[in-house]
2 protein chains.
Amino acid sequence: MYDVFRKYINEVTSSIIPDDEFKHYEEAFAKKTMKKKQFFLHEGSVCKYAAFIVKGAMRLYSIDEKGHEHIVRFGIESWWMTDRESFQMLTPSRYNIDAVEDCELLVTTSEAVARLKDRSPLFLKLMQILDQNSYIASQHRIESTISYTAEEKFMQLMNTYPAFLHRFPQNMIASYLGLTPETLSRIRKQVLLK
Amino acid sequence: MYDVFRKYINEVTSSIIPDDEFKHYEEAFAKKTMKKKQFFLHEGSVCKYAAFIVKGAMRLYSIDEKGHEHIVRFGIESWWMTDRESFQMLTPSRYNIDAVEDCELLVTTSEAVARLKDRSPLFLKLMQILDQNSYIASQHRIESTISYTAEEKFMQLMNTYPAFLHRFPQNMIASYLGLTPETLSRIRKQVLLK
DNA sequence: AAATTGGGTTGATATAGATCAAGGCCGCCG
DNA sequence: CGGCGGCCTTGATCTATATCAACCCAATTT
């Protein structure tokens with residue numbers, strides 16, 4: 001399990017992490033498994049943990065007054081999952097996180113992250129790269145939600161994260177795109193006919 | 001001009017930056033003024049500079065095939081403005097950035113930023129804080145665009161960035177929210193009557 | 001002072017996408 | 001094996017928001 005993580009770090013940072021440095025990582029991250037539909041975070045509680053997804057699929061979502069779910073983020077293998085705001089500030093979260101498939105995770109806390117940043121310059125670099133990439137991806141998503149039609153949103157998702165389409169049911173994809181499942185179904189038909 | 005910047009850094013990092021360290025900042029950042037409507041970045045070119053806004057207001061936007069502008073970000077005093085993706089990767093940008101009011105800026109390049117991160121741990125810290133805050137703000141905006149009605153989006157903006165409402169014309173606010181100016185006008189009337 | 005321009009409003013109509021309702025198709029569990 | 005629940009589709013309507021068009025007002029230009 002840790003070897004997947006190690007390989008990931010080497011790739012993202014374009015480096016080779018030495019054994020003695022990686023020992024700190026093993027201390028900082030605990031293994032955890034989750035069954036499908038199990039909650040990682042409940043709305044209202046502090047998100048004490050951040051997870052690196054070794055295997056499986058998760059989602060982060062809010063629930064509005066009408067009881068509708070709105071999926072803000074998906075996560076699959078090699079993605080991170082946490083409510084960043086709650087995790088860092090230790091404030092109660094407005095989101096839920098649960099497992100869409102059975103998951104294998106490496107889980108850490110914000111203190112462990114801070115410690116590891118001090119001990120491993122590579123980890124600091126990793127965090128910087130991730131933050132930057134997350135921010136850039138968020139900007140793209142914002143642009144797409146304010147500019148595009150339903151069909152364009154779907155096409156953009158097809159191009160950007162094709163893996164999502166196989167991993168998550170249509171109603172979740174619809175929620176992620178800000179559409180109803182019915183609309184997505186109709187649009188898919190159109191797009192696939194072309 | 002630099003004193004505003006210095007004060008800002010002290011506030012955000014909760015520190016007091018020593019004179020000799022701040023000298024590096026003055027080297028890394030050049031003063032620049034811009035007149036209203038002047039372009040800081042044109043679609044298709046690389047965004048070589050990042051600006052700290054000392055005074056004035058700017059916007060970052062894309063233009064779709066139909067010629068419609070979509071405002072992805074606003075910036076006013078003490079905000080940063082750049083196309084992060086293009087600035088870091090040195091890839092051609094899909095966005096335009098221009099001045100909505102006359103501006104006073106402190107401008108830097110990605111090499112200067114990298115150098116400053118090495119020389120000043122405080123600057124590194126600043127960048128980390130900014131990245132994190134930007135990311136968190138982006139997540140909120142995504143949630144709002146996929147979950148909320150036009151009226152809710154407007155109210156959220158009123159609460160989150162009330163200053164924008166006085167600084168930017170309604171048609172730009174509408175674009176930022178992903179609405180037409182007509183719709184925003186009607187919604188404003190409703191909201192203000194309540 | 002007339003003309004132009006940029007921003008905002010208002011009204012009439014059109015339409016993308018939501019909502020409501022029903023039915024079909026598995027895969028799973030008793 | 002049979003029934004049930006999750007997921008998807010399809011059809012009929014409804015509605016929020018876009019579009020089109022006209023007009024207003026204030027500021028700027030000539």
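Here is the naming used below: chain letters follow the sequence lines, and residue numbers restart at 1 for every chain.
Between Arg94(B) and Glu143(A) there is a salt bridge, with a side-chain nitrogen of the basic residue lying less than 4.0 Å from a carboxylate oxygen of the acidic one.
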Starting from the C-alpha separation in whole Å, work towards a yes-or-no answer on side-chain contact (heavy atoms from CB on, under 4.5 Å) for Arg141(A) and Ile146(B). CA-CA 10 Å; Arg141(A) 184 134 174 247; Ile146(B) 66 170; 4.1 Å; yes

Chi angles and distances behind the side-chain contact (heavy atoms from CB on, under 4.5 Å) call for Ile9(A), Phe22(A): CA-CA 10 Å; Ile9(A) 292 164; Phe22(A) 192 70; 4.2 Å; yes

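Between the CD1 atom of Ile187(B) and the C1' atom of dT9(C) there is a distance of 14 Å, rounded to whole Å. As rounded to whole Å, 16 Å separates atom C1' of dG17(C) from atom CZ of Phe154(A). For Arg186(A) and dG17(C), the CZ to P distance is 12 Å, given to the nearest whole Å.
The aromatic ring centres of Tyr61(A) and Tyr95(A) sit 6.0 Å or more apart. A distance of 6.0 Å or more separates the ring centres of Trp79(A) and Tyr8(A).
The side-chain heavy atoms of Thr149(B) and Lys153(B), taken from C-beta on, include no pair separated by under 4.5 Å.
Screening residues 165-179 of chain A for side-chain hydrogen bond (donor to acceptor under 3.5 Å, both in side chains) gives Glu77(A)-Arg167(A), Glu101(A)-Arg167(A), Gln170(A)-Arg188(A) as the qualifying pairs, with residues at least two apart or on separate chains. Residue pairs meeting the side-chain hydrogen bond (donor to acceptor under 3.5 Å, both in side chains) criterion with at least one partner in residues 123-133 of chain B, sequence neighbours excluded, are Arg84(A)-Gln132(B), Arg84(B)-Asp131(B). Pairs of residues two or more places apart, or lying in two chains, that qualify as side-chain hydrogen bond (donor to acceptor under 3.5 Å, both in side chains) and include a residue from residues 25-38 of chain B are Tyr25(B)-Ser120(B).
Listed by residue number, the members of residues 61-75 of chain A with any heavy atom below 4.0 angstrom from DNA chain C form an empty set. Residues from residues 165-180 of chain B placing a heavy atom under 4.0 Å of any atom in DNA chain C, listed by number, are Pro169(B), Gln170(B), Asn171(B).
With sequence neighbours excluded, the residues that form a side chain to side chain contact (heavy atoms under 4.5 Å, CB included) with His68(B) are Asp64(B), Lys66(B), His70(B). By the side chain to side chain contact (heavy atoms under 4.5 Å, CB included) test, Glu11(A) is found to be paired with Lys7(A), residues two or more places apart in sequence or in another chain being considered.
Applying the 4.0 Å criterion to OP1 and OP2 of dT10(C), one finds that Lys189(B) has a side-chain N or O inside that range.
When DNA chain D is scanned in the 5' to 3' direction for atoms under 4.0 Å from non-hydrogen atoms of chain A, the outermost contacting nucleotides are dC8(D) to dA12(D).
Open room surrounds CE on Met155(A); 12 or fewer heavy atoms of other groups in view lie less than 6.0 Å from it.
Using the six-membered ring where Trp is involved, Phe168(A) and Phe164(A) have ring planes that are perpendicular, over 60° apart on the 30 and 60° scheme.
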Name every donor-acceptor pair, under 3.5 Å, that has one atom in a side chain of residues 39-56 of chain A and the other anywhere in the protein, sequence neighbours excluded.
unit_1	atom_1	unit_2	atom_2	d
Ser45(A)	OG	His42(A)	O	2.7

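Both Lys37(B) and Thr183(B) lie close to DNA chain C; mapped to their nearest nucleotides by heavy-atom distance, the more 5′-ward contact belongs to Lys37(B).
By the 4.5 Å side-chain criterion applied to Ile, Leu, Val, Met, Phe, Trp and Tyr, Met89(B) is assigned to a cluster that also includes Ile136(A).
With axes fitted over five pairs at each extremity, the angle between the ends of the helix from dA1(C)-dT30(D) to dG30(C)-dC1(D) is 30° (10° resolution).
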Nucleotide by nucleotide, 5' to 3', does protein get under 4.0 Å of the base (B), only the sugar-phosphate (S), or neither (-) in nucleotides 22-30 of chain C, counting heavy atoms? ---------

